[in-house]
Amino acid sequence: MSTVFDKIVSLCKRKGFIFQSSEIYGGLGAVYDYGPLGVELKRNVKESWWQAMVYQHDNIEGIETAILMHPTTWKASGHVDAFNDPLIDDKASKRRYRADQLIEDYIEKLRKKGKDDPAEALHARFVEALHADDMPKALHQIIIDEEIRAPDSGAFDWTEVRQFNLMFETHVGPLAGGDNTIYLRPETAQGSYVNFHNVQQTARQQIPFGIAQIGKAFRNEIVARQFIFRTREFEQMEMQYFVKPGTQKDAFEAWREKRMQWHLDNGVRPEKLRWHEHDKLAHYADAAFDIQYEFPFGWQEVEGVHSRTDFDLSRHQEYSGKKMEYFDPQTQERYIPYVVETAAGLDRTILVLLSDAYREEEVEGEPRVVMGFHPKIAPIKAAVFPLVKKAGMPEIAHAVEEDLRRHAKVFYDERGSIGKRYRRMDEAGTPYCITIDGDTLDDGTVTVRDRDTLEQIRIPKDNVVAFVQDKVRDGKPRS
Ligand code: ATP
């Protein structure tokens with residue numbers, strides 16, 4: 001882990017963005033809780049996604065389906081048989097790794113060293129191995145031939161590669177085992193597929209249309225590291241777009257563009273985002289690209305855009321015996337729709353925003369840490385300070401705070417020097433600090449300090465609500 005990443009993780013705990021789950025008991029691996037600032041951040045990201053997907057498109061409907069589903073769902077989706085990760089153990093440290101990721105990281109290292117030809121050759125072999133009948137063995141052979149060492153111990157003492165299913169099992173009713181076994185959903189998408197007809201008919205949608213949902217998903221990740229990047233309990237923001245077979249390419253390209261734009265609209269720096277084409281398409285997919293972000297620990301996926309053909313609906317038709325077809329009233333055709341999916345991780349998006357926002361700067365000779373969130377993403381939109389705790393300033397400050405509180409998350413602070421109060425809000429990523437001072441008593445104006453430019457302007461105190469609302473709505477990301 002890089003030091004910047006360590007600092008982000010520690011800031012998250014110190015400021016109340018994210019805590020380890022059940023920390024007082026030593027924590028539970030790869031499970032996290034969101035604190036007062038983190039939960040606001042999360043709500044803002046969800047809101048931004050819901051706005052962009054559901055409210056901006058009259059042919060996208062939102063739903064919320066249950067975490068627990070009929071177990072046949074996961075047979076139909078292929079998760080029971082094929083939701084496996086290829087794992088390998090370092091015998092020296094007893095640490096477990098994903099074999100495919102070890103190889104990918106090794107290829108990236110070769111590229112960084114300028115060894116492009118060996119990197120390309122290895123990449124070709126890697127892709128071949130992913131398609132091999134005995135994929136674990138083929139991956140293992142690459143690790144041995146390339147003498148890839150364990151990242152933590154530096155040892156070259158590997159076990160075989162084994163496949164491991166990532167679904168969490170639980171039981172319905174008092175008896176364990178047998179027919180009572182059900183799963184915690186590993187993705188939200190299947191809830192949208194099984195409700196295809198319910199949504200299409202009740203919302204009276206015609207193809208093309210989409211079903212969007214935000215919800216928890218669970219994966220028993222064996223190699224869960226890097227904070228909230230890969231966790232066992234997480235949230236997804238997924239949209240399934242149903243199209244006429246043959247039109248999926250256009251829909252796919254259109255959604256790729258829109259999804260990249262969404263990350264940019266949240267204020268993420270363009271140079272930190274890129275597309276990555278899948279090395280191995282799932283057997284049912286006809287195109288798959290990931291949006292990657294350059295985290296402090298390297299380029300990694302944050303969202304996938306996948307063209308999934310009619311695989312999911314066909315399988316549910318097969319396993320349920322219920323027709324999953326669509327009847328086109330215009331052309332009188334009947335067909336199983338194709339699907340273009342946009343699948344983003346909510347927690348991973350939050351890690352993108354935290355990583356992108358974190359800055360260390362010097363201001364008037366003093367170091368400061370500032371989280372440069374876009375105003376619409378920032379957990380607290382404005383802070384209100386009386387310059388001193390007397391002369392009627394706290395009363396006016398509380399009145400301004402009360403006005404703002406009806407519209408946005410605000411924070412009132414009268415403790416410590418104004419400089420300290422600014423620093424606290426910089427670390428929380430609060431874009432505007434409003435100070436009530438001597439001039440307020442004379443002319444009714446307040447000082448507004450901009451987190452990024454440090455510029456201070458005076459506006460009438462009665463305009464504070466409109467000012468903050470405008471900025472949150474139209475605010476530009478930091479330059
Ligand atoms: P990965 O290759 O990183 O395991 P994936 O390709 O299996 O991810 P999808 O099944 O396409 O991921 O899920 C869509 C999104 O859900 C991912 O882009 C990611 O943002 C998020 N996601 C998946 N697994 C996890 C996890 N264990 N923790 C946090 N987010 C996750």
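We count ligands from 1, going down the list as the structure has it; atoms in each ligand are counted the same way.
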Distance filter under 4.0 Å to Arg98 heavy atoms, resulting ligand 1 atoms: 4 (O)
Atoms in ligand 1 with a heavy atom of Glu221 nearer than 4.0 Å: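 Numbered from 1, ligand 1 contributes 24 (N), 26 (C), 27 (N).
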Heavy-atom gap Glu187 to ligand 1 smaller than 4.0 Å: no
Close approach of His278 to ligand 1, heavy atoms, under 4.0 angstrom: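 Contact check His278 vs ligand 1: negative.
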What residue and heavy atom of the protein are closest to [atom], and at what distance?
atom	answer
atom 13 (O) of ligand 1	Gln236 NE2, 3.3 Å
atom 21 (C) of ligand 1	Gly345 CA, 3.6 Å
atom 18 (O) of ligand 1	Glu301 OE2, 2.6 Å
atom 22 (N) of ligand 1	Phe234 CE1, 3.5 Å
atom 1 (P) of ligand 1	Arg230 NH1, 3.6 Å
atom 11 (O) of ligand 1	His306 CE1, 3.5 Å
atom 28 (N) of ligand 1	Thr231 N, 2.9 Å
atom 10 (O) of ligand 1	Arg219 NH2, 2.8 Å

Heavy atoms of other groups near Asp58 CG, more than 12 under 6.0 Å: no
Residues, nucleotides or ligands: over 12 heavy atoms within 6.0 Å of Arg204 CZ: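 No, not enclosed.
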Can the positive tip of [X] be found less than 6.0 Å from the middle of the six-membered ring of [Y], inside 45° of the ring normal?
X	Y	result
Arg219	Phe234	no
Arg348	Phe229	yes
Lys46	Trp49	no

Phe229, Tyr293, Phe218: member with heavy atom nearest to atom 29 (C) of ligand 1: Phe229
His263, Arg269, Glu301, Arg274 screened by side-chain contact (heavy atoms from CB on, under 4.5 Å) with Tyr293, the one that passes: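 Only one option passes, and that is Arg269.
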Side chain to side chain donor-acceptor pair (under 3.5 Å) contacts touching residues 66-76 (sequence neighbours left out):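 Listed once each, the pairs are His70-Thr72.
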Region of Gln101 engaging ligand 1 - heavy atom pairs below 4.0 Å: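 Near ligand 1, Gln101 shows nothing, with every heavy atom at 4.0 Å or more.
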Residue portion contacting ligand 1 (non-hydrogen atoms closer than 4.0 Å) for Val302: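 The backbone, only.
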From CA spacing to verdict: side-chain hydrogen bond (donor to acceptor under 3.5 Å, both in side chains), Thr231, Glu221: CA-CA 7 Å; Thr231 53; Glu221 300 278 4; over 6 Å; no
Can you give the donor-acceptor pairs under 3.5 Å from side chains of residues 189-198 to other protein atoms, not counting sequence neighbours?
from   : atom 1 : to     : atom 2 : distance (Å)
Gln190 : OE1    : His316 : NE2    : 2.7
Gln190 : NE2    : Glu187 : OE2    : 2.9
Gln190 : NE2    : Asp312 : OD1    : 3.4
Tyr193 : OH     : Gln240 : OE1    : 2.4
Tyr193 : OH     : Arg308 : NE     : 3.2
Asn195 : OD1    : Asn198 : ND2    : 2.9
Asn195 : ND2    : Gly191 : O      : 2.9
His197 : NE2    : Lys323 : O      : 3.1
His197 : NE2    : Glu325 : O      : 3.2

For the student: nearest non-hydrogen atoms of Pro208 and Val243, plus distance: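 So the minimum-distance heavy-atom pair works out to CB-CG1, 4.1 Å.
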Short N or O distance, Ala344 and ligand 1, threshold 3.5 Å exclusive: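 There is no such contact.
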